[in-house]
Amino acid sequence: MPEQTAPTATAVDTATAGSGARSLGLGCLGCAGLLFVAVVALLVQLTWNAEDATDLPRVAPEETADRVFGHSREAYDVLGFTRTVPPGVERVGVGTENTVDAGYCYDGGLLGLEDKTVDGAYRMSHSWAVDHVPASQAVPALRRLHRRLEDDGWEVSSYREGGKGRDWSLYVRRDGGDERMSFTWDPDRQYFIGGTTAPCAYDPGWTDGGTDSYSPGDAARSVRPPALGPGRP
């Protein structure tokens, strides 16, 4: 029997192998190109977000206060409360409340990993509370407000109808979460709490280059909440 020999590569086999190698090389180049495009897109997005974080409007505290007071008043009307809540705190956590406050605005940096304050910027909020709110009033009021805010274009981020020993709560937001409202009712204490937070803004009264750092409390101290009641400004 003649001795068998191993088959040798033909010209066709060689050409096929060469074509496959070239295809693989082009494929790798294509992958690298897609990766480069993805990296560039990510950097552009991060830069864009970083610029957005400090690209804030200049709004006087009085104007921002009018905004949060207006939202609180509209919600108060929808809830159907008829009592008038004067400015200030009657008894902390027990009595009526009608106060305004302002906090810092934060910049996450290019990668969103930082947590630094934005000089000259403030975030204003209005808080109010009513005591002696029974279930017969609070339950239909919150359900009515839930439907109304959805109809008005607010995004409901959380809504819970509590039971025995559990609070009822409603949280809404819009403008990407920059503007928020929250409402909570404690059935055990019959205590209803509401709050509105406005988007961040630069205080026109603040100028960079001063010796003192900016305090958002200055924005809050420059305004005073009006009495909160049905149809009141």
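Since the structure is predicted, the reported quantities are computational estimates derived from the model, not experimental observations.
Among residues at least two apart or in separate chains, side-chain hydrogen bond (donor to acceptor under 3.5 Å, both in side chains) pairs with a member in residues 189-201 are Ser72-Thr196, Asp186-Arg189. Residue pairs meeting the salt bridge (Lys or Arg N to Asp or Glu O under 4.0 Å) criterion with at least one partner in residues 128-148, sequence neighbours excluded, are Arg83-Asp131, Arg143-Glu161, Arg148-Asp152. Counting only residues at least two apart or in different chains, salt bridge (Lys or Arg N to Asp or Glu O under 4.0 Å) contacts with residues 87-105 are absent.
The heavy-atom pair separating Val85 from Ala129 by the smallest distance is CG1-O, 4.1 Å. Of all the heavy atoms in Gln137 and Gly80, the pair that sits closest is NE2-O, 4.2 Å. The minimum heavy-atom distance linking Val100 with Ala220 is given by the pair CG1-O, 4.0 Å. Across all their heavy atoms, Pro226 and Pro87 have their closest contact at C-CG, 4.2 Å. Contact detail for Trp168 and Val139: the closest heavy-atom pair is CH2-CG1, 3.5 Å. Between Pro61 and Ala219, the shortest heavy-atom contact is CB-O, 3.6 Å.
Shown here are the ring pair (Phe, Tyr, Trp, His ring centres under 6.0 Å) partners of Tyr76, two or more places apart in sequence or in another chain: Phe81, Trp128. Partners of Glu179 by side chain to side chain donor-acceptor pair (under 3.5 Å), not counting sequence neighbours, listed by chain and number: Arg67, His71, Arg174. Partners of Tyr104 under the ring pair (Phe, Tyr, Trp, His ring centres under 6.0 Å) rule, at least two apart in sequence or in another chain, do not exist in this structure.
When hydrophobic clusters are built by joining Ile, Leu, Val, Met, Phe, Trp and Tyr residues whose side-chain heavy atoms come closer than 4.5 Å, directly or via intermediates, Met124 is not grouped with Val89. By the criterion of side-chain heavy atoms lying less than 4.5 angstrom apart, applied directly or through intervening Ile, Leu, Val, Met, Phe, Trp or Tyr residues, Leu142 is not grouped with Ile193; the two fall into different hydrophobic clusters. Clustering ILVMFWY residues whenever any of their side-chain heavy atoms sit less than 4.5 angstrom apart, transitively, puts Tyr171 in a cluster other than the one holding Val156. A single hydrophobic cluster is seen to contain both Phe183 and Tyr159, as judged by linkage of ILVMFWY side chains at heavy-atom distances under 4.5 Å, directly or through other members.
In this structure, CG in Asp203 is found 3.5 Å from OH in Tyr214, a value given to the nearest 0.5 Å. Taking OG from Ser182 and CZ from Arg173, the interatomic distance works out to 13.5 Å, rounded to the nearest 0.5 Å. Separating the NE2 atom in His132 from the OG1 atom in Thr96 is a distance of 10.0 Å, to the nearest 0.5 Å. Annotation: the span from Leu79 atom CG to Leu145 atom CG amounts to 4.5 Å, rounded to 0.5 Å. For the atom pair CG of Asp55 and OH of Tyr202, the computed distance is 8.0 Å after rounding to the nearest 0.5 Å. Between the CZ atom of Arg224 and the CG atom of Asn98 there is a distance of 8.5 Å, given to the nearest 0.5 Å.
Between Leu170 and Leu149 there is a side-chain heavy-atom pair separated by less than 4.5 Å. Considering only heavy atoms from C-beta on, Tyr106 comes within 4.5 Å of Thr117 through its side chain. For the pair Arg123/Pro216, no side-chain contact is recorded, criterion being any heavy-atom separation below 4.5 Å from C-beta on.
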Item to complete: Report the C-alpha distance between Val172 and Glu150 in whole Å, list the side-chain angles of each, state the deciding distance to 0.1 Å, and finish with yes or no for side-chain contact (heavy atoms from CB on, under 4.5 Å).
Response: CA-CA 9 Å; Val172 298; Glu150 280 190 316; over 6 Å; no
Practice prompt. Go through the steps to decide whether Phe69 and Leu228 satisfy the test side-chain contact (heavy atoms from CB on, under 4.5 Å), and finish with yes or no.
Written response: CA-CA 8 Å; Phe69 296 155; Leu228 181 64; over 6 Å; no
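Without hydrogens or angle criteria, Trp185 side chain to Phe192 main chain gives no donor-acceptor distance under 3.5 Å.
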